[in-house]
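Every heavy atom of this structure was used, including side-chain atoms; hydrogens, water molecules and symmetry mates were not. Values in this document were obtained by computation on a predicted structure and should not be read as measured data. Numbering of residues begins at 1 and proceeds along the displayed sequence.
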Amino acid sequence: MALLTSLLAGLLFGLGMAISGMVDPARVTGFLDLAGAWDPSLAFVMGGALLVFMPGYFLLVKPRSQSLLGEPIAVVPAPRLDRRLIGGAVLFGIGWGLVGICPGPALSLISSGQPMIMLFIAAMVAGILLVDRGLVPARSKAHQPIPPDPVK
């Protein structure tokens, strides 16, 4: 059931990205182009999403200690502001600004078969594998999230 719920949430997110046009790299780079022909539509999509999400989050999600499926909700400590966090944010921002694509929309654009999207996905997978194989130093144990308590 948890996998089905995750699949449905991902499909809903992808559908929302596609309907809003946020999978279009030109729209994203237009939003980031403050000195040129700025396109504010991304700000309206993000603002609208927050207006819909926030009441439900504060009234229904935040007060809960278990998910609707009975799974515990892990309390994750706030990350420390360190070089890895800042470096990752900068790298993500540079990639997003140059290409106009982030991982979510990129995955939804795989079916387009565009070479640029396939190159982006390949680079994203390569980065994940570099970290997974230990070629990029892993975070120390002090920075790892606290695992949830096992269900009793």
Side-chain angles (χ1 to χ4, degrees), residues 1-62 64 67-69 71 73-139 143-148:
M1 189 60 155
L3 287 175
L4 180 61
T5 304
S6 298
L7 175 65
L8 291 175
L11 288 172
L12 182 62
F13 175 76
L15 183 64
M17 294 292 287
I19 289 172
S20 66
M22 294 302 111
V23 296
D24 179 9
R27 187 172 297 224
V28 174
T29 54
F31 171 73
L32 297 172
D33 186 10
L34 297 177
W38 185 60
D39 179 2
S41 60
L42 180 58
F44 289 118
V45 169
M46 288 191 284
L50 282 173
L51 286 175
V52 170
F53 171 76
M54 285 179 62
Y57 174 76
F58 287 112
L59 294 173
L60 303 173
V61 176
K62 190 170 173 129
R64 300 181 64 91
S67 73
L68 293 176
L69 298 175
E71 298 289 324
I73 297 175
V75 177
V76 180
R80 291 184 49 197
L81 194 58
D82 60 8
R83 286 192 330 239
R84 277 183 65 89
L85 179 65
I86 292 170
V90 167
L91 186 60
F92 179 89
I94 289 170
W96 193 46
L98 288 174
V99 184
I101 306 168
C102 66
L107 292 175
S108 68
L109 288 170
I110 287 177
S111 63
S112 73
Q114 296 176 14
M116 184 178 179
I117 300 300
M118 302 315 233
L119 180 62
F120 181 89
I121 297 287
M124 186 174 70
V125 169
I128 291 169
L129 291 174
L130 283 173
V131 171
D132 190 48
R133 301 267 191 251
L135 298 175
V136 175
R139 294 184 131 201
H143 293 100
Q144 296 297 324
I146 299 169

Hey, can you pull the donor-acceptor pairs under 3.5 Å for the side chains in residues 17-26, sequence neighbours left out?
| residue | atom | partner | partner atom | Å |
| --- | --- | --- | --- | --- |
| Ser20 | OG | Gly16 | O | 2.9 |
| Ser20 | OG | Met17 | O | 3.1 |
| Asp24 | OD1 | Ala26 | N | 3.2 |

- Task: State whether the number of non-hydrogen atoms from other residues, nucleotides or ligands found under 6.0 Å of Phe92 atom CZ is greater than 12.
- Result: yes
- Run the numbers on Ile101 and Val28 for side chain to side chain contact (heavy atoms under 4.5 Å, CB included), then give the verdict. CA-CA 7 Å; Ile101 306 168; Val28 174; over 6 Å; no
- Query: If you draw a 6.0 Å radius around CG in Leu50, do more than 12 non-hydrogen atoms from other residues or ligands fall strictly inside?
  - Reply: yes
- Item | Pair Phe120-Val99, side chain to side chain contact (heavy atoms under 4.5 Å, CB included): steps then yes or no | CA-CA 9 Å; Phe120 181 89; Val99 184; 4.3 Å; yes
- Query: Quick one: side-chain contact (heavy atoms from CB on, under 4.5 Å) partners of Arg64, sequence neighbours excluded?
  - Reply: Leu68, Ile73
- Item | Leu4: side-chain contact (heavy atoms from CB on, under 4.5 Å) partners, not counting sequence neighbours | Met1, Leu8
- Task: Check the pair Asp82, Ile86 against side chain to side chain contact (heavy atoms under 4.5 Å, CB included), reporting the backbone distance first and the verdict last.
- Result: CA-CA 6 Å; Asp82 60 8; Ile86 292 170; over 6 Å; no
- Residue set satisfying side chain to side chain donor-acceptor pair (under 3.5 Å) with Asp39, at least two apart, ordered chain then number -> Ser41
Determine all donor-acceptor pairs shorter than 3.5 Å in which one atom belongs to a side chain in residues 51-61; sequence neighbours excluded.
none

- Message: Quick check for you: to the nearest 0.5 Å, what is the distance between Leu32 atom CG and Leu34 atom CG?
- Response: 7.5 Å
- Qualifying residues under side-chain contact (heavy atoms from CB on, under 4.5 Å), relative to Leu107, sequence neighbours excluded: Ile110, Ile121, Met124
- So, does Trp38 use its side chain to make a donor-acceptor pair with the main chain of Phe31 at under 3.5 Å? yes
